[in-house]
**Q** 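Before I ask anything, here is the structure I am working with.
Below, chains carry the letters A, B, ... as their sequence lines are ordered, and counting in each starts from 1. Computed from a prediction, not measured in an experiment: that's the story for all the values here.
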Amino acid sequence: MSDIQEQQASIAITLPDGTVRTVPSGSTGFDIALSIGKRLAEDALAVTVNGRPTDLHAPIHSDARIEIVTFDSPLGHDIFWHSASHIMAQAIEELFPGSRFGAGPATEQGFYYDVASEHRFREEDLRLIEQKMLEIGKRDIRLKREEMKRSDAIAYFTSVRNDPYKVEILNDTLKEVETVSLYHQGSFTDLCSGPHLPTTAKLKAVLLTNISSSYWRGDSSRESMQRIYGIAFPSEKLLREHVARLEEAKRRDHRKLGAELDLFMLSPEIGSGLPVWLPKGAIIRSELETFLKEEQRKRGYLPVYTPHIGNIGLYKRSGHYPYYSDSQFPPLTYHDEDGKQEQYLLKPMNCPHHHLIYSSKLRSYRDLPIRLTEFGTVYRHEQSGELNGLVRARGFTQDDSHIYCRPDQLVDEICNAIDLTQFVFLTLGFAEVQTRLSMHDPANREKYGGTEDVWKQAEKDVREAADRMGIDYFIGIGEASFYGPKIDFIVRDALGRKWQLGTVQVDYVMPERFDLSYVGSDGQKHRPVVIHRAPFGSMERFIGVLIEHTAGNFPLWLAPVQAIVLPIAEDVHEYAKTVHAALLAAGIRAEIDMRSEKIGKKIREAEVGKIPCMVIAGQKERDTGEVSLRRHRKGDMGSFSVAALTDMIGKEITERI
RNA sequence: GCUGAUGUAGCUCAGUCGGUAGAGCACUUCCUUGGUAAGGAAGAGGUCAUCGGUUCAAGUCCGAUCAUCAGCUCCA
């Protein structure tokens, strides 16, 4: 085909709205964007060709579905931030020559680059690097993609770039790949599959947020690198909005709100990572426990209590002690008069105790399923750097149950556990819950107990239950626990970090290790299956996330103080007391503010304290036998008789709205 | 555990060059008795995280420890 013929050939481009355009072969995403509108061409960052992200200026030679990618999409963020990480690397290279670069991807919240440098980066350096990045933006450098054979790339990064990290990636991660791509950006070149921004000029605002360390390739035996995090935007305005969101997240931080609202405390005198519930926080926890206990009673669960410690043999038998010895408090060692030694472990989990309850008597197939349940406090010596308020603690309470069932009951029981978890999340107002099916990694068999056949069966059961419940899930390979696959319910905190809350886990391994059995209809012994499940997960973590989710504005049934009576002046104190007494008599957690402060101040403090109901009593109300109600963040709701008020509040509490 | 940062009144934070500690809010008392987000005045409150070092002198400089924060690694 001659050049002339090629230029004359045309291709059909299908746009997202279904319209088809005919353009010359070799047209680029940019040409197409420009033909749609000038504004779109300005905003265009890249293009997807038949769903594949592609550089904006890459020529397109055949019919294709095309979508112009702008910053206003997850893919747009990804491409923008990935390019920003390259621009940061270039800035660092210009400011600190000799720096070498490891991995520099986009993340959900921006980007980072792992840097190996003689220079120890400090906060001040970040401002310098930001300035340099904006300057590189102003230089309007066109990014050029170059494809070369892997062997040529190895030579290039060895001699020209002198970057051993990229060479290692080429020799290792990419060893199966024949042709790799490089992106040139002025004096800087990176190994990268792309796509990238057409020019550095798209970068208009950048904020480098922090410096931390990371291990090269995530391997703690390899050298540690300096990881610099940042976020970037195509406009100043977007950056300002982002900073405002960060500030809002800071206001919602459960550690901050927990202290302000007197919910819990952490004290080095008690111990790192050992939260203590203050009276107001204890109310929330107790209400949640009551709620779940009621629900579980309806669903056939049997409450049990077990001690906080257990003989170490129990955990050796279960496999937890050898598997998790690093993250447990050291054993308590006890010598009796004869010098015989016994060792106990602060229990890191509740299951072994429950298994022994199960096997304490002979079970018939008619008895199953047996659902043992306990709010069991467990202790795990988490790494110090991991501790985080309530969401990562060393002492915490699981709403733990173990369901012992026959294999033919398993899928039904998993479904029941999923249903309960969904009911809990729905009641607490968590709409954005991600569900992960946590499967084992067959390439890593030594991490897991049981046989491959058992795992296949368990994972099939989990998947069948999730499908039957119509859950929208994703698969997490290698996320299973050592004894079985899990269904994990994951939510995000105020800062966008993900936390696993509820979990449903299938276990064929523990029944084996604890030799659990039941007598079947054939009179023979059979092995039950165990489901471990915890809808809240940990009470501490759940409440931590709940604090951030609600910003401390709890629903009425959970609010530590549900109502506060605010007398306007001293001459109505007697009347206010009768109102207070009526609220208490109706079972409402009510306080009364009889200080000699003006009503405006009392209201302000009740608002700041996030008390849902402010019950205002003045001369007017006393004369009519009414009170006026002001709802937190809603304002004046009008006047009600005291009886009508207690009914209204009481109804909202029992219905857990 | 690793890397970096931080630690001053109950809270949020000042504290210069090393020279014996300050504000606002909260708290206590008094005045004020008021109508839907801050009335006024006075007072009290500190082993500057802990331990050690340098110095005539340390909140300030150095070291260790503890705790917290961000990230990494881990998560039954």
**Q** For A:I599, answer base if it contacts any base atom (sugar-phosphate contacts may also be present), sugar-phosphate if it contacts only those atoms, and nothing otherwise; contact means non-hydrogen atoms under 4.0 Å.
**A** sugar-phosphate
**Q** Is the distance between the ring centroids of A:F482 and A:Y448 under 6.0 Å?
**A** no
**Q** For atom P, what is the distance between B:G46 and B:A21, given to the nearest Å?
**A** 13 Å
**Q** Tell me which nucleotide, if any, is Watson-Crick or G-U wobble paired with B:G19 when both distances must be under 3.5 Å.
**A** B:C56
**Q** Does A:S481 make a side-chain N or O approach to OP1 or OP2 of B:C75 shorter than 4.0 Å?
**A** no
**Q** If we take the P atom in both B:U28 and B:A44, what is their distance in whole Å?
**A** 16 Å
**Q** Indicate, with a heavy-atom threshold strictly under 4.0 Å, whether A:S318 touches base, sugar-phosphate, or nothing.
**A** nothing
**Q** Among A:P511, A:C351, A:C405, whose side chain to side chain contact (heavy atoms under 4.5 Å, CB included) with A:V530 holds?
**A** A:P511
**Q** Taking the P atom of each, how far is B:A9 from B:C66, in whole Å?
**A** 22 Å
**Q** Please classify the nucleic acid contact of A:Q226 as base, sugar-phosphate, or nothing, using heavy-atom distances under 4.0 Å.
**A** nothing
**Q** Could you work out the separation of B:A76 and B:C2 based on their P atoms and round it to a whole Å?
**A** 23 Å
**Q** With heavy atoms under 4.0 Å as the rule, sort A:E621 into base, sugar-phosphate or nothing.
**A** base
**Q** Could you give the CG-to-C1' distance, from A:L266 to B:C69, as a whole number of Å?
**A** 13 Å
**Q** Tell me which nucleotide, if any, is Watson-Crick or G-U wobble paired with B:A14 when both distances must be under 3.5 Å.
**A** none
**Q** Does A:Y305, at its OH atom, have more than 12 non-hydrogen atoms belonging to other residues, nucleotides or ligands within less than 6.0 Å?
**A** no
**Q** Using the ring centroid of each side chain, check whether A:H381 and A:Y379 are separated by less than 6.0 Å.
**A** no
**Q** Going by ring pair (Phe, Tyr, Trp, His ring centres under 6.0 Å), A:F542 matches just one of A:F430, A:W499, A:F489. Which one?
**A** A:F430
**Q** Now, which nucleotide makes the Watson-Crick or G-U wobble pair with B:G43, with each of the two distances under 3.5 Å?
**A** B:C27
**Q** Parallel, tilted or perpendicular: which describes the rings of A:W216 and A:Y165, with under 30° parallel and over 60° perpendicular?
**A** perpendicular
**Q** Once you apply a heavy-atom cut-off of 4.0 Å, does A:P348 come out as touching a base, just sugar-phosphate, or nothing?
**A** base
**Q** If you pin A:E260 and A:L629 to their nearest nucleotides in RNA chain B, which one's is more 5'?
**A** A:E260
**Q** Quiz question: going by heavy-atom distance under 3.5 Å, is there a donor-acceptor pair between the base of B:U3 and the side chain of A:S214?
**A** no
**Q** State whether the distance check finds a donor on one side and an acceptor on the other, under 3.5 Å, for side chain A:S213 versus base B:G4.
**A** no
**Q** Answer yes or no: side-chain N or O of A:S596 and base N or O of B:U32 forming a donor-acceptor pair under 3.5 Å.
**A** yes
**Q** Starting at CD of A:E479 and ending at C1' of B:A76, how long is that distance when rounded to a whole Å?
**A** 14 Å
**Q** Return no unless some side-chain N or O of A:R227 is found under 4.0 Å from OP1 or OP2 of B:G4.
**A** no
**Q** Do the non-hydrogen side-chain atoms of A:D400 and A:F375 ever get within less than 4.5 Å of each other?
**A** no
**Q** Would you say CD of A:E446 has more than 12 non-hydrogen atoms from neighbouring residues, nucleotides or ligands within 6.0 angstrom?
**A** yes
**Q** Can you check whether A:K601 has a side-chain N or O nearer than 4.0 Å to OP1 or OP2 of B:A26?
**A** yes
**Q** Is a donor-acceptor contact shorter than 3.5 angstrom present between the side chain of A:R392 and the base of B:C75?
**A** yes
**Q** Indicate, with a heavy-atom threshold strictly under 4.0 Å, whether A:L566 touches base, sugar-phosphate, or nothing.
**A** nothing
**Q** Should B:G63 form a Watson-Crick or G-U wobble pair with both distances under 3.5 Å, which nucleotide is its partner?
**A** B:C51
**Q** Please confirm whether the shortest side-chain N or O distance from A:N388 to OP1 or OP2 of B:G71 is below 4.0 Å.
**A** no
**Q** Grab the CD-P distance between A:Q328 and B:G1 for me, whole Å please.
**A** 17 Å
**Q** Determine the Euclidean distance between corresponding P atoms of B:U8 and B:G59; express it in Å to zero decimal places.
**A** 15 Å
**Q** With the six-membered base ring of B:A76 as reference, does the ring of A:Y324 sit under 5.5 Å away with planes under 30° apart?
**A** yes
**Q** Would you kindly compare A:Y229 and A:E607 by the position of their nearest RNA chain B nucleotide and give the one closer to the 5′ end?
**A** A:E607
**Q** Mind calculating the distance between CG (A:D593) and P (B:A38) to the nearest angstrom?
**A** 14 Å
**Q** Just N and O in the side chain of A:K486: are any of them under 4.0 Å from OP1 or OP2 of B:A76?
**A** yes
**Q** Pick base, sugar-phosphate or nothing for A:S327, based on heavy-atom distances below 4.0 Å to the nucleic acid.
**A** base
**Q** Rounded to the nearest angstrom, tell me the gap between atom CD in A:Q383 and atom C1' in B:U3.
**A** 13 Å
**Q** For B:U33, which nucleotide is its Watson-Crick or G-U wobble mate, given both distances must be under 3.5 Å?
**A** none
**Q** How many whole angstroms separate atom CZ of A:F121 from atom C1' of B:A5?
**A** 16 Å
**Q** In whole angstrom, give me the gap between the C1' atoms of B:A14 and B:C25.
**A** 15 Å
**Q** Kindly indicate whether the side chain of A:T209 and the base of B:A70 share any N or O donor-acceptor pair separated by less than 3.5 Å?
**A** no
**Q** Taking the P atom of each, how far is B:A26 from B:A42, in whole Å?
**A** 15 Å
**Q** Measure CD1/A:I270 against C1'/B:U68 and give the value in whole Å, please.
**A** 16 Å
**Q** Is B:C72 paired to anything, Watson-Crick or G-U wobble with both distances less than 3.5 Å, and if yes, which nucleotide?
**A** B:G1
**Q** For B:G34, take OP1 and OP2 only and decide whether either is under 4.0 Å from a side-chain N or O of A:R595.
**A** no
**Q** To the nearest angstrom, how far is A:E597 atom CD from B:G35 atom P?
**A** 14 Å
**Q** Just N and O in the side chain of A:S384: are any of them under 4.0 Å from OP1 or OP2 of B:G1?
**A** yes
**Q** For a quick check of understanding: with a heavy-atom distance under 4.0 Å over all strands, which category does A:G618 fall into, base, sugar-phosphate or nothing?
**A** base
**Q** Under the 3.5 angstrom rule, does the side chain of A:E621 hit a backbone N or O of A:G618 as a donor-acceptor pair?
**A** yes
**Q** When all nucleic acid strands are considered with a 4.0 Å heavy-atom cut-off, which category describes A:K620: base, sugar-phosphate, or nothing?
**A** base
**Q** What's the gap between B:C72 and B:U54 when it is taken at their C1' atoms, as a whole Å value?
**A** 36 Å
